[in-house]
Amino acid sequence: IPQFVVGSSTATNFIVANNGNIGIGTTSPGTLLSVAGDAYFSGTGTTTLSLKTTTASRGTCLEMFDGAGVAYRVFISTSGVLTVAAGSCK
């Protein structure tokens, strides 16, 4: 039984498991922080970080934005090709 759950009868949005693991969008966090879905992080400054998955057939994208809103993207294709560039990962 989890220690703390936020959600509804059909979906769990946030959970703190008995072992201290935190899950967002998952009912069974396997690490200290488990997020099922895209993630967006920002600090006290204007730099942000976004983690998202593109379509399953393409790969995974890491987006970083500086204070001026300039995007820097790292894309890893499903075949293992790493690309660092401006532009969209979609």
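Keep in mind that this is a model prediction, so the values were computed, not measured. Positions are given from 1 along the sequence. We use all heavy atoms of the structure for the numbers below, so side chains are in, but hydrogens, waters and symmetry mates are not.
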Using the test side-chain contact (heavy atoms from CB on, under 4.5 Å), find all partners of T31 that sit at least two apart in sequence or belong to another chain. S34

Report the distance from atom CG of L33 to atom OG1 of T26, rounding to the nearest 0.5 Å. 11.0 Å

Indicate if V81 and V84 have the same hydrophobic cluster label, given that clusters are the connected sets of ILVMFWY residues with side-chain heavy-atom separations under 4.5 angstrom. no

Is there side-chain contact between I22 and F14, with heavy atoms separated by less than 4.5 Å? yes

How long is the span from the CG atom in N19 to the CG atom in L32, to the nearest 0.5 Å? 9.0 Å

Is there a path of hydrophobic side-chain contacts, each under 4.5 Å between heavy atoms, that joins V6 and I24? yes

Would you check if the side chain of N21 reaches a backbone N or O of P29 as a donor-acceptor pair within less than 3.5 Å? yes

Test side-chain contact (heavy atoms from CB on, under 4.5 Å) applied to I76 - qualifying residues, sequence neighbours left out: L82

